[in-house]
Amino acid sequence: MSITSPNTKKIALIIGVANERSLAWAIAQCLHKKGFELIFTYVNEKMESRVRPLAESLGAKLILPCDIGSEVEVQNVINEISKEYKVLDAVVHAVAFANKEDLEGRFVDTSREGFRLALDISAYSLVSLTRACLPLMQNGGSILTLSYLGAQRVIPNYNVMGVAKAALEACVRYLAYDLGPQKIRVNALSAGPVKTLAAAGIRDFREKLKAAEQNTPLKENITQEDVGALGAFLCSDEAKHVTGTTMFVDSGAHIM
Ligand code: 0WE
């Protein structure tokens, strides 16, 4: 028995593509290979010019503006999708944000506003996005978000993002419990460090990448393709009994 619409192309909403290095883009490409039809969003005009050509290269019909921090914009995306499609089979949430000054120095110095912003954009946005998608997921489906080891361990300087990712992983469990009866699965993919636009804003990231490599059992860093493969698996029926979990693609770093 299929938990998604039989005999029709599956539809996936991808939120968080910034450029060709984005983890969201890696997952989108793998989903496209699996036969999914894709919908993309971009956060502002600057990003639109990067996302649109990528999205069009995979035949996307809908490429919509969405600041995930806004209930109205999230609802707008769902309204636009509803005009074109009856169901949504997969949702990829690949969004995080903290103020740059909160990703260095001491965690204890995090301001109330910096904490609120990081938790709102990086964790609560999954809850609000999931709620908005529910009416389109009557056939069940899969919701996937991206996390990082700093949710479960102290990674120096990850600071408030570690707290936000811990909240995100807990949101995944509570959402999975709520939505299980509707056959909607909710999971997190915890990726090792990769050079993306998000990482480009991190002080000394190149040095961190080199150091991270030596601390993994496999002694090599992961690639975008690794994230694409696991992400697409979690979104597919192959993972139909996998929910509420955080799966690592990190060359084993989390066992150290
Ligand atoms: O989750 C992340 C980073 C997400 C992120 C990146 C930025 C850069 C630009 C969130 N907010 C911002 N805000 C900005 O202004 N990663 C997993 C990558 C990352 O970030 C680190 C890491 C790793 C790895 C920060 C400190 C230490 C390690």
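- Put simply, the side chain of Thr216 does not reach to within 4.5 Å of the side chain of Asp250, judged on heavy atoms.
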| request: I would like to know whether Met247 and Leu189 meet side chain to side chain contact (heavy atoms under 4.5 Å, CB included); could you show each step before the answer? | output: CA-CA 5 Å; Met247 288 181 71; Leu189 182 167; 5.7 Å; no

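- The residues Arg116 and Asp120 are annotated as salt-bridged, a charged nitrogen and a carboxylate oxygen being separated by less than 4.0 angstrom.
- The pair Lys61-Glu56 does not meet the salt-bridge criterion, since no charged nitrogen lies less than 4.0 angstrom from a carboxylate oxygen.
- At distances below 3.5 Å, at least one donor-acceptor pair connects side-chain atoms of Asn187 with backbone N or O atoms of Gly244.
- Under a 3.5 Å cut-off, the side chain of Arg185 and the backbone N or O of Leu234 do form a donor-acceptor pair.
- Defined by atom type and a distance below 3.5 Å, a donor-acceptor pair is missing between the side-chain atoms of His254 and Ser190.
- The neighbour count for Lys46 NZ, taken as heavy atoms of other residues, nucleotides or ligands under 6.0 Å away, does not exceed 12.
- In this structure the side chain of Ile78 reaches within 4.5 angstrom of the side chain of Leu136, judged on heavy atoms.
- Classification of the Tyr148-Tyr158 ring pair by plane angle, with boundaries at 30° and 60°, yields perpendicular.
- The distance from the CG atom of Asp89 to the CG atom of Leu13 is 11.5 Å, given to the nearest 0.5 Å.
- When hydrophobic clusters are built by joining Ile, Leu, Val, Met, Phe, Trp and Tyr residues whose side-chain heavy atoms come closer than 4.5 Å, directly or via intermediates, Leu103 is not grouped with Leu23.
- Contact detail for Leu119 and Ala167: the closest heavy-atom pair is CD1-CB, 3.6 Å.
- A distance of 8.0 Å separates CD of Gln75 from OG of Ser82, quoted to the nearest 0.5 Å.
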| request: Output, in order, the C-alpha distance, side-chain angles, deciding distance and verdict of side chain to side chain contact (heavy atoms under 4.5 Å, CB included) for Phe107 and Asn157. | output: CA-CA 7 Å; Phe107 170 67; Asn157 299 309; over 6 Å; no

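- Inter-residue side-chain proximity for Lys9 and Phe36 is flagged as unmet; no heavy-atom pair is nearer than 4.5 Å.
- The side-chain heavy atoms of His93 and Ser125, taken from C-beta on, include a pair separated by under 4.5 Å.
- Atom CG of Leu168 sits about 10.0 Å away from atom CZ of Arg173, to the nearest 0.5 Å.
- If you check the side chains of Glu169 and Gln152, you find a donor sitting under 3.5 Å from an acceptor.
- The backbone N or O of Glu220 sits less than 3.5 Å from a side-chain atom of Ser251, completing a donor-acceptor pair.
- Crowding of Gln214 atom CD: a count of heavy atoms from other residues, nucleotides or ligands under 6.0 Å exceeding 12.
- Think of Val72 as one node in a network of Ile, Leu, Val, Met, Phe, Trp and Tyr side chains linked at under 4.5 Å; it has no links at all.
- Between Val160 and Ala98 the shortest heavy-atom distance is CG1-CB, 3.9 Å.
- With hydrophobic clusters built from ILVMFWY side chains whose heavy atoms lie under 4.5 angstrom apart, Val87 does not share a cluster with Ile14.
- In this structure, the side chains of Leu31 and Val92 come closer than 4.5 Å at one or more pairs of heavy atoms.
- Follow the hydrophobic side-chain contacts under 4.5 Å out from Leu134 and you reach Ile11 in the same cluster.
- Between Gly16 and Val95 the shortest heavy-atom distance is CA-CG2, 4.3 Å.
- Among all heavy-atom pairs drawn from Ser22 and Gln224, the shortest one is O-CG, 4.4 Å.
- Connection of Val172 to Tyr177 is not established within any shared hydrophobic cluster, with ILVMFWY side chains joined at heavy-atom distances below 4.5 Å, either directly or through further cluster members.
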| Between Thr41 and Glu73, is a side chain to side chain contact (heavy atoms under 4.5 Å, CB included) present by the stated rule, with each step listed? | CA-CA 11 Å; Thr41 69; Glu73 290 195 29; over 6 Å; no

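- With hydrogens and angles disregarded, a donor-acceptor distance shorter than 3.5 Å links the side chain of Lys165 to the backbone of Leu146.
- With respect to Glu20 and Arg50, no salt bridge is recorded, no charged nitrogen being found less than 4.0 Å from a carboxylate O.
- No donor-acceptor pair under 3.5 Å is formed between the side chain of Asn215 and the backbone N or O of Ala212.
- Thr110 places no side-chain N or O within 3.5 Å of a backbone atom of Phe115 that could act as its donor or acceptor partner.
- With hydrogens and angles ignored, the 3.5 Å screen pairs a side-chain donor or acceptor of Ser122 with a backbone N or O of Phe97.
- Rounding to the nearest 0.5 angstrom, the gap separating the CG atom in Asp109 from the CG atom in Asn159 is 9.0 Å.
- Follow the hydrophobic side-chain contacts under 4.5 Å out from Leu54 and you never reach Val77; the two are in separate clusters.
- Counted by atom type alone, Asn44 and Glu48 present zero donor-acceptor pairs between their side chains at under 3.5 Å.
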| field | side chain to side chain contact (heavy atoms under 4.5 Å, CB included) assessment of Val74 paired with Glu71 | value | CA-CA 5 Å; Val74 169; Glu71 292 294 304; 5.9 Å; no

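- Side chains of Leu129 and Ile68 form a contact here, defined as non-hydrogen atoms less than 4.5 Å apart.
- Lys34 has a carboxylate O that lies under 4.0 Å from a charged side-chain N of Glu238, or vice versa, which qualifies the two as a salt bridge.
- The minimum heavy-atom distance linking Ile121 with Ala96 is given by the pair CG2-C, 4.3 Å.
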| task | Go through the steps to decide whether Glu207 and Lys210 satisfy the test salt bridge (charged side-chain N to carboxylate O under 4.0 Å, His left out), and finish with yes or no. | result | CA-CA 5 Å; Glu207 289 69 42; Lys210 271 274 147 251; over 6 Å; no

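- When side chains are defined from C-beta on, Phe40 does not count as touching Arg52, because their heavy atoms never get closer than 4.5 Å.
- Atom NZ of Lys195 sits in a sparse spot, with 12 or fewer heavy atoms from other residues, nucleotides or ligands closer than 6.0 Å.
- Note that the CD1 atom of Ile39 and the CG atom of Leu64 stand 7.5 Å from one another [nearest 0.5 Å].
- For the residue pair Leu197 and Met47, the shortest heavy atom distance occurs at CD2-CE, 3.7 Å.
- Rounding to the nearest 0.5 angstrom, the gap separating the SG atom in Cys171 from the CD1 atom in Ile143 is 12.0 Å.
- Pro65 has its side chain within reach of Tyr42: a pair of non-hydrogen atoms, C-beta onward, lies under 4.5 Å apart.
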